[in-house]
Amino acid sequence: MTERITKSMAKNIYYGGGTFALMIFIALTFDTVHQIPKRSNQQNMTESVVAGKKLWEKNDCVGCHSIVGEGAYYAPELMNVFQRRGASDETAFKAYMQGWMAAQPLAIPNRRKMPQFHLTPTEVDNLSDFLIWTSKIDANDWPPTIEG
Amino acid sequence: MKYTSQSVAKPYFIFALILLAGEILFGLLMGIQYIWGDFLFPLIPFNVLRMVHTNLLIVLLLFGFMGATYYLIPEESENELWSPKLAMITFWVFVVAGVLTILGYLFVPYAQLTELTFNNLLPTMGREFLEQPLPTKVGIVLVVLSYLLNVSMTILKGRRTVITTVLLTGLLGLAVFFLFAFYVPDNLIMDKFFWWFTVHLWVEATWELILGAILAFVLIKVTGVDREHIDKWLYLIIAMTMVSGILGTGHHFFYMGAPEYWLWIGSISSAVEPLPFLLMVLFAFTMARDRKIKHDNEIALTWAKGNAVMGFLGAGVWGFFHTLAPVNMYTHGTQLTAAHGHLSFYGAYVMIIFTVISYAMPILRGRPHGNCAKAQKVELTSFWMMNIGMLGLTLALSAAGIVQIMDQRVGTDLIGFMESQESINGIYMVRAGFGLLVFTGLLTYFYSFFVKEPAKS
Ligand code: HEM
Ligand code: HEM
Ligand SMILES: [Fe+2]
């Protein structure tokens with residue numbers, strides 16, 4: 001097969017095909033950037049949600065957890081923890097989060113441990129708001145089940 | 001060694017190997033903490049072990065690419081390196097920045113590290129693989145720029161070959177796409193979307209050019225096959241890379257908040273992504289078959305062939321397993337992802353570093369015909385230990401991933417993440433066992449450097 005392909009043909013596919021693919025990619029990037037605010041309900045991205053995201057990064061939560069399927073696989077997926085632990089009720093979820101964050105690390109021998117981050121109650125609320133906002137993103141019906 | 005300036009490659013190679021030992025050691029520690037959660041906790045929490053592990057990987061590959069470039073560019077352009085001095089300064093700057101960053105991870109709590117390193121000025125930290133403090137990220141940019149300058153100047157004043165052009169294109173792409181690491185929008189989804197511009201477009205586009213170029217260089221040297229022939233293959237490989245890999249980024253946009261059309265575009269384009277890796281296998285084996293010379297450094301060719309095969313398995317086969325949208329719905333973010341991440345990074349990128357080191361290092365040490373037979377035998381043993389270790393580790397993680405998916409995502413009788421993980425503990429022990437084999441293989445590999453040459457007759 002490769003005998004019939006010459007060096008200059010291969011070179012042309014590289015430059016031509018590469019440029020073509022890149023053009024389409026750039027066009028779709030513009031469209032995606034245009035659509036993400038709607039699909040992620042950017043209008044609901046309050047100051048508290050943004051503060052929550054900053055805390056998520058500052059404490060490197062993604063070093064153990066995944067969120068929207070990306071990150072580490074040591075600890076549970078958190079995109080749908082609002083549904084799983086809060087039954088989609090904001091007050092219940094925020095109360096649960098205050099208790100959960102304060103209780104770390106759990107004293108169960110040999111269980112994988114989550115560190116104590118010493119966050120203030122407001123900071124924990126910010127994280128809850130961030131996770132609630134994340135849970136409502138249109139991710140084409142992912143995750144497939146409540147267990148994440 | 002044809003040009004004295006090629007010798008700057010040596011410290012880069014040595015340091016890359018030291019970092020690799022660190023990387024695998026931290027992998028082992030993580031493998032143990034996976035099973036016994038109290039191991040090292042709270043001294044080093046999992047996320048810290050993980051950032052050390054993955055960042056060492058990225059930095060060792062950068063050191064390896066740089067060493068390879070500094071070795072092959074003078075020979076290809078038939079010219080001394082533009083500034084060997086700059087290359088050495090860059091080396092030390094990168095070493096110091098790298099070591100300080102790792103020490104920072106290990107000895108300063110991460111939240112405090114963000115404060116100490118001006119993360120509030122331009123928040124970029126706390127994202128997977130891009131955990132580096134701002135000064136480190138800026139340092140990487142400066143190091144890469146000075147390296148690009150050095151390489152470009154050398155190429156400009158010398159002979160231009162397809163290999164140098166492809167390599168330089170790959171390196172430019174590496175630099176450009178790293179810049180997305182500095183763009184962190186407040187919207188998590190927008191953030192993730194552009195995060196992949198660095199991560200995916202590195203490993204599945206620009207780095208593949210670098211990989212192809214280094215592989216082609218080593219193959220020319222150890223098989224003596226005509227350059228025209230090699231060039232055609234190289235163009236064919238990178239053509240397929242570009243055609244599939246750029247739009248293939250879409251395989252990360254299925255279930256993260258991006259529009260539906262990526263389900264189709266990502267699936268179709270990335271389904272073609274195994275092709276360039278398959279071509280690399282054909283390339284390596286065809287060149288080996290048609291070889292014009294029998295180089296005494298046989299192990300270098302073995303690494304080149306192994307590189308192509310393992311890269312195809314890790315990226316091509318394991319990548320294909322989960323790259324179609326309906327399958328990815330169930331596999332997204334599971335141990336199956338980790339299985340693929342391990343075999344692909346190892347097979348494609350760690351092994352190209354082994355390949356070029358195996359060819360170049362003996363020459364840099366004054367052994368133009370390669371190491372002695374005994375040293376090559378030791379190296380071959382380490383080749384098999386590491387390859388079998390990584391394959392075993394990957395198979396174990398794949399099994400873990402399948403159990404995890406059945407437990408959490410299929411049917412009605414579901415169990416939660418922590419419970420499911422506990423039930424997988426046995427498989428994680430197997431994983432750790434194979435990890436130990438990889439580490440022992442690496443030590444064996446190190447030993448091969450110290451095997452005494454027989455006295456010259
Ligand atoms: C040498 C080349 C490659 C390397 C180093 C590599 C590495 C990785 C890594 C580390 C991840 C995990 C990223 C994360 O943490 O979220 C990943 C994900 C993925 N890779 Fe690759 N990959 C390569 C090639 C490929 C190819 C050729 C394909 C397809 C045929 C592929 C398909 C995928 C898919 C679908 C995911 C997403 C998995 C998920 O949804 O969880 N990869 N890759
Ligand atoms: C002794 C061998 C090794 C062990 C036991 C090991 C263990 C681990 C563990 C436990 C994780 C974290 C998974 C999680 O987030 O839950 C990880 C991540 C990772 N390791 Fe290793 N590792 C080893 C060797 C390697 C090698 C040789 C490479 C590369 C060539 C590598 C590349 C990676 C990558 C890219 C990730 C991120 C994966 C992803 O996000 O999907 N590891 N490793
Ligand atoms: Fe990818």
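Scope of the values below: all heavy atoms of this structure, side chains included, with no hydrogens, waters or symmetry mates. Numbered from 1 within each chain, the chains take letters A, B, ... in sequence-line order.
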Chemist: Once you round to the nearest 0.5 Å, how far does CG of A/Asp60 lie from OG1 of B/Thr114?
Modeler: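 Reported value, rounded in 0.5 Å steps: 10.5 Å.
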
Chemist: Do the side chains of A/Pro115 and B/Phe41 get nearer than 4.5 Å, heavy atoms only?
Modeler: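 Yes. Closest side-chain heavy atoms under 4.5 Å.
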
Chemist: Got a salt bridge between A/Glu147 and B/Arg409, using NZ or NE/NH1/NH2 to carboxylate O under 4.0 Å?
Modeler: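 Salt bridge between A/Glu147 and B/Arg409, a charged N being under 4.0 Å from a carboxylate O: no.
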
Chemist: Within the supplied structure, the quantity of interest is the number of heavy atoms (other residues, nucleotides, ligands) at a distance under 6.0 Å from A/Lys7 NZ; does it exceed 12?
Modeler: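 Counting other residues, nucleotides and ligands, NZ of A/Lys7 exceeds 12 neighbours.
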
Chemist: Using non-hydrogen atoms and a 4.5 Å limit, figure out which bit of B/Glu228 sits close to chain A: side chain, backbone, both or neither.
Modeler: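 It is both, since atoms from each part get that close.
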
Chemist: Got a second to check how far A/Ile146's CD1 is from B/Leu414's CG, nearest 0.5 Å?
Modeler: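 It comes to 10.0 Å.
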
Chemist: Does any non-hydrogen side-chain atom of A/Lys113 lie less than 4.5 Å from one of B/Pro45?
Modeler: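 In short, these two side chains do not touch, never coming nearer than 4.5 Å.
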
Chemist: Checking A/Tyr73 against B/Gln421 for the side chain to side chain contact (heavy atoms under 4.5 Å, CB included) test, could you report, in this order, the C-alpha distance in whole Å, the side-chain angles of both residues, the deciding distance, and whether it holds?
Modeler: CA-CA 10 Å; A/Tyr73 323 111; B/Gln421 289 296 302; over 6 Å; no

Chemist: State whether a side-chain donor-acceptor pair under 3.5 Å links A/Asn12 with B/Tyr235.
Modeler: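 Judged by distance alone, the side chains do not pair up.
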
Chemist: Let's go through B/Asp191 and A/Glu57 carefully: what are the C-alpha distance in whole Å and the side-chain angles of both, what is the deciding distance for side chain to side chain contact (heavy atoms under 4.5 Å, CB included) to 0.1 Å, and is it a yes or a no?
Modeler: CA-CA 12 Å; B/Asp191 175 358; A/Glu57 289 163 358; 3.5 Å; yes

Chemist: Would you call the rings of B/His332 and A/Trp142 parallel, tilted or perpendicular, where under 30° means parallel and over 60° means perpendicular?
Modeler: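 B/His332 vs A/Trp142 ring planes: perpendicular.
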
Chemist: In terms of the angle between their ring planes, are A/Phe25 and B/Trp262 parallel, tilted or perpendicular, with boundaries placed at 30° and 60°?
Modeler: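 Answer is perpendicular, since the angle exceeds 60°.
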
Chemist: For A/Met101, I'd like to know if atom CE has over 12 heavy atoms of other residues, nucleotides or ligands within 6.0 Å.
Modeler: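 Yes, because the 6.0 Å sphere around CE of A/Met101 holds more than 12 heavy atoms from other groups.
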
Chemist: Can you check whether B/Gln408's main-chain N or O pairs, donor with acceptor, with A/Thr145's side chain at less than 3.5 Å?
Modeler: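 Yes; judged by distance alone, with no hydrogens or angles, the pair exists.
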
Chemist: Against chain A, label B/Met240 side chain, backbone, both or neither, depending on which of its atoms sit under 4.5 Å from a heavy atom there.
Modeler: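 Answer is side chain: those atoms of B/Met240 sit under 4.5 Å from chain A.
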
Chemist: If you count the non-hydrogen atoms of other residues, nucleotides and ligands that lie under 6.0 Å from CD in A/Gln43, is the total more than 12?
Modeler: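 Check passes, neighbour count above 12.
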
Chemist: Just verifying a value: how many Å separate A/Met23 CE and B/Ile246 CD1, rounded to the nearest 0.5 Å?
Modeler: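 One finds 11.5 Å between CE of A/Met23 and CD1 of B/Ile246.
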
Chemist: Heavy atoms, side chains only, cut-off 4.5 Å: are A/Val49 and B/Leu188 in contact?
Modeler: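 A side-chain contact under 4.5 Å is absent here.
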
Chemist: Need one label for B/Phe197: side chain, backbone, both or neither, based on atoms under 4.5 Å from any heavy atom in chain A.
Modeler: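 Contact with chain A involves the side chain of B/Phe197 alone.
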
Chemist: Distance to the ring centre below 6.0 angstrom and angle to the axis at most 45 degrees; does that hold for A/Arg112 and B/Phe46?
Modeler: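 Judged by the rule, A/Arg112 and B/Phe46 form no cation-pi pair.
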
Chemist: For atom CE of B/Met418, decide whether the heavy atoms of other residues, nucleotides or ligands shown that lie under 6.0 angstrom number more than 12.
Modeler: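 More than 12 within 6.0 Å, yes.
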
Chemist: Regarding B/Tyr261 and A/Thr32, do their side chains bring together a donor and an acceptor under 3.5 Å, going by distance alone?
Modeler: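 Looking only at side-chain atoms, A/Thr32 and B/Tyr261 do form a donor-acceptor pair, the distance falling under 3.5 Å.
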
Chemist: Any side-chain heavy-atom pair from B/Ile189 and A/Gln42 closer than 4.5 angstrom?
Modeler: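 When only atoms from C-beta onward are counted, A/Gln42 and B/Ile189 do not touch, as no gap falls below 4.5 Å.
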
